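A quick write-up on the structure given underneath.
Predicted model only: the values in this text are computed from it and were never measured.
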Amino acid sequence: DGTTVRVAPGLKEYIQGERVKLDTGQYVDFERMQAFELLRFSQDDQRGEVAITLTNGQSVRGNIVQAVELRGSNDLGDFAQQLKAVKRVDFMR
């Protein structure tokens, strides 16, 4: 729905833990990310394309696999949302 979410470090992805898995086989830990944006998402196969900004400023793009639900917290409390409903996640550091 285009939602942007600010979350504290410690965000977890339901299947992959504290990281995302790209279809290249590469895992990217949330602790290395400044933000990520969901560019597109296919509900049929639960896959999507993401643009990731790392804490060192480097940008990485890739397709994520097995994307289900994000869980974390921010200054308002706990957060849980299906990845397909989130446009962008900014990590509060």
Side-chain angles (χ1 to χ4, degrees):
D1 67 357
T3 301
T4 297
V5 179
R6 289 180 43 87
V7 295
L11 178 71
K12 293 184 183 352
E13 199 272 316
Y14 179 67
I15 298 294
Q16 304 300 335
E18 295 184 18
R19 60 190 181 173
V20 295
K21 180 182 180 186
L22 303 179
D23 65 356
T24 60
Q26 177 70 54
Y27 288 90
V28 183
D29 294 337
F30 289 131
E31 69 183 32
R32 296 199 58 219
M33 295 182 198
Q34 185 66 38
F36 71 88
E37 184 172 354
L38 188 62
L39 303 174
R40 69 171 177 77
F41 188 82
S42 169
Q43 196 134 342
D44 293 334
D45 59 5
Q46 295 294 301
R47 298 168 71 93
E49 182 181 357
V50 292
I52 299 169
T53 303
L54 301 174
T55 55
N56 67 3
Q58 180 183 354
S59 295
V60 177
R61 274 180 92 142
N63 294 310
I64 55 172
V65 295
Q66 297 180 339
V68 181
E69 183 178 77
L70 300 172
R71 297 178 183 174
S73 63
N74 58 28
D75 54 346
L76 298 175
D78 292 337
F79 169 81
Q81 183 61 270
Q82 296 291 317
L83 177 63
K84 63 187 174 191
V86 175
K87 175 68 175 166
R88 180 180 171 91
V89 173
D90 293 323
F91 291 93
M92 301 178 333
R93 306 225 184 258

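- Side-chain contact between I64 and L83 is present, with at least one heavy-atom pair separated by less than 4.5 Å.
- For the pair L22 and V28, the tightest heavy-atom approach, listed with the atom from each and the gap, is CD1-CG2, 4.2 Å.
- Remark: F79 engages no residue in a ring-ring contact (aromatic ring centres under 6.0 Å, His included) (not counting sequence neighbours).
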Quick one, V7 with F91, criterion side chain to side chain contact (heavy atoms under 4.5 Å, CB included). Give me CA distance, side-chain angles, the key distance, then yes/no. CA-CA 5 Å; V7 295; F91 291 93; 3.8 Å; yes
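- The two residues E31 and T55 come nearest to each other via the heavy atoms O-CG2, 3.9 Å.
- One finds the CZ atom of R40 at 8.5 Å from the CZ atom of R47 (value rounded to the nearest 0.5 Å).
- Taking the salt bridge (charged side-chain N to carboxylate O under 4.0 Å, His left out) definition, one finds that R93 meets it with nothing, sequence neighbours left out.
- The shortest side-chain heavy-atom distance between L54 and V60 falls under the 4.5 Å cut-off.
- For Q26, there are no side-chain hydrogen bond (donor to acceptor under 3.5 Å, both in side chains) partners, not counting sequence neighbours.
- For N74 (side chain) and R6 (main-chain N/O), a donor-acceptor pair under 3.5 Å exists by modelled atom type.
- A 6.0 Å sphere centred on CD of E18 holds more than 12 heavy atoms belonging to other residues, nucleotides or ligands.
- Within the model, atoms CG of L38 and NZ of K84 stand 11.5 Å from one another, a figure rounded to the nearest 0.5 Å.
- Listed by chain and number, the residues in a salt bridge (charged side-chain N to carboxylate O under 4.0 Å, His left out) with D29 amount to none (sequence neighbours excluded).
- In this view, D90 and R88 satisfy the side-chain hydrogen bond (donor to acceptor under 3.5 Å, both in side chains) rule, not counting sequence neighbours.
- Annotation: salt bridge (charged side-chain N to carboxylate O under 4.0 Å, His left out) contacts of R61 (sequence neighbours excluded): E49.
- Under the salt bridge (charged side-chain N to carboxylate O under 4.0 Å, His left out) criterion, R71 pairs with E69, not counting sequence neighbours.
- Relative orientation of the F36 and F30 rings is parallel, given thresholds of 30° and 60° on the angle between their planes.
- For T53, the side-chain hydrogen bond (donor to acceptor under 3.5 Å, both in side chains) criterion is met by no residue, not counting sequence neighbours.
- Residues V5 and Q81 form no side-chain contact, since every pair of their non-hydrogen atoms from C-beta on lies 4.5 Å or further apart.
- One finds no salt bridge joining R19 and E13 here, because no Lys/Arg side-chain nitrogen approaches an Asp/Glu carboxylate oxygen to under 4.0 Å.
- Side-chain contact check for L70 versus V89: some heavy-atom pair is nearer than 4.5 Å.
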